[in-house]
Amino acid sequence: MSHDGNRSYAAGMRQVANNFFSILFRNKFKVIIAILIFFFYLNQTKTASAIFFVIALIAIASVSTIYKYNIKLSFGFELVTMSTVLATIVYGPLVGAFVGLISSVLAEFLPQMIEASSIFWICSVTFSAFLVAIFFSLGIKSLLVLGLISFAFQMIISEPIRLLGPIEVRLQGMLYVVTGLVWNIFVFTKIAPLILNIMT
């Protein structure tokens, strides 16, 4: 594929992602109402501390990719996966999916680095909560295993769009997969257990 073709491909995928985000922000009041309803539900079904932890998980996940604002490289260093898995284990898949959706959208929007795989990644993070819940209900309690299940699901859904693209995009995708795998092994063995102990 020519250099012009590479740029055209990247520009096209960014336009799709930008359209998605513009729809979200055009309907921001509906989104806010939905979030308020969700927190009302959460407050009725769990203790007030649940709201604090949900907000905290979303906050740390959302800012975990802010480094991309200056670096402009797609490394797999993020805490969205961890926050989604922890919220799912403690509060169930609906809350986990909510945390995954909000934090992944913010994690892409805040560093202003919308990529070809952004929409697919956001969807895969959200739905991975239900996959984690299924395995957790089957008796898999290892945070590392659950975290890697979530990460693998995300890669299967989000990365083919990049791995089938131009060589520059493919390299970016491969870099993300490798660094993301190493990072999540570290996070789910060293950081996630500590946070889970605090939450429970």
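Hydrogens, waters and symmetry mates are skipped; everything else that's a heavy atom, side chains included, is used. Counting begins at 1 with the first residue of the sequence.
T179 contributes a side-chain N or O that, together with a main-chain N or O of G76, makes up a donor-acceptor pair within less than 3.5 Å. Although no hydrogens or angles enter the test, the distance criterion places a donor-acceptor pair under 3.5 Å between the side chain of Y67 and the main chain of F77. Of the possible donor and acceptor atoms, none in the side chain of S83 sits under 3.5 Å from a partner among the backbone N and O of V80. Here the side chain of T81 pairs no donor or acceptor atom with the backbone of F151 at under 3.5 angstrom.
L143 has its side chain within reach of I89: a pair of non-hydrogen atoms, C-beta onward, lies under 4.5 Å apart. Side-chain contact between F188 and L196 is absent, with no heavy-atom pair separated by less than 4.5 Å. Within the 4.5 Å cutoff, side-chain heavy atoms of Y176 are placed close to those of M155. Considering only heavy atoms from C-beta on, L110 comes within 4.5 Å of S62 through its side chain. Using a 4.5 Å heavy-atom cutoff, the side chains of L181 and L148 are in contact. A 4.5 Å side-chain heavy-atom check between M82 and V85 finds every atom pair outside the cut-off. The shortest side-chain heavy-atom distance between E78 and E108 does not fall under the 4.5 Å cut-off. Side-chain contact check for T88 versus F136: every heavy-atom pair is 4.5 Å or farther apart.
The same ILVMFWY cluster, assembled from side-chain heavy atoms under 4.5 Å apart, contains both I198 and L79. Using a 4.5 Å cut-off between side-chain heavy atoms of Ile, Leu, Val, Met, Phe, Trp and Tyr, with links allowed through other members, F186 and I149 fall into the same hydrophobic cluster. Using a 4.5 Å cut-off between side-chain heavy atoms of Ile, Leu, Val, Met, Phe, Trp and Tyr, with links allowed through other members, I134 and L94 fall into different hydrophobic clusters. Cluster membership for F75 and V178, using ILVMFWY side-chain heavy atoms within less than 4.5 angstrom, is not shared. Hydrophobic clustering of Ile, Leu, Val, Met, Phe, Trp and Tyr side chains at less than 4.5 Å, counting indirect connections, keeps I60 apart from Y69.
For the atom pair CG of L106 and CD1 of I122, the computed distance is 9.5 Å after rounding to the nearest 0.5 Å. In this structure, K141 NZ and F135 CZ are separated by 13.0 Å, a value rounded to the nearest 0.5 Å. Summarising the geometry, atom OG belonging to S158 is positioned 12.0 Å from atom CD1 belonging to I119; distances are rounded to the nearest 0.5 Å. Taken to the nearest 0.5 Å, the CH2 atom of W121 stands 10.0 Å off from the OG atom of S128. Interatomic distance, F98 CZ to S103 OG, rounded to the nearest 0.5 Å: 9.5 Å. With values rounded to the nearest 0.5 angstrom, T200 atom OG1 is found 9.5 Å from L86 atom CG.
In this structure, T84 and A129 approach most closely via the heavy-atom pair CG2-CB, 4.0 Å. I185 and L144 make their closest contact through CA-CD1, 3.9 Å (heavy atoms, listed as atom of the first residue, atom of the second, distance). Considering every non-hydrogen atom in both A107 and A61, the closest pair reads CB-O, 4.0 Å. Looking at every heavy atom in both residues, S124 comes nearest to Q154 through OG-CA, 3.4 Å.
When the shell of 6.0 Å around CZ of F130 is examined, it contains more than 12 heavy atoms from other residues, nucleotides or ligands.
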(request) Start with the C-alpha gap between I195 and F53, add the side-chain angles, then the distance that decides, and say whether side chain to side chain contact (heavy atoms under 4.5 Å, CB included) holds. (result) CA-CA 10 Å; I195 297 178; F53 283 119; over 6 Å; no
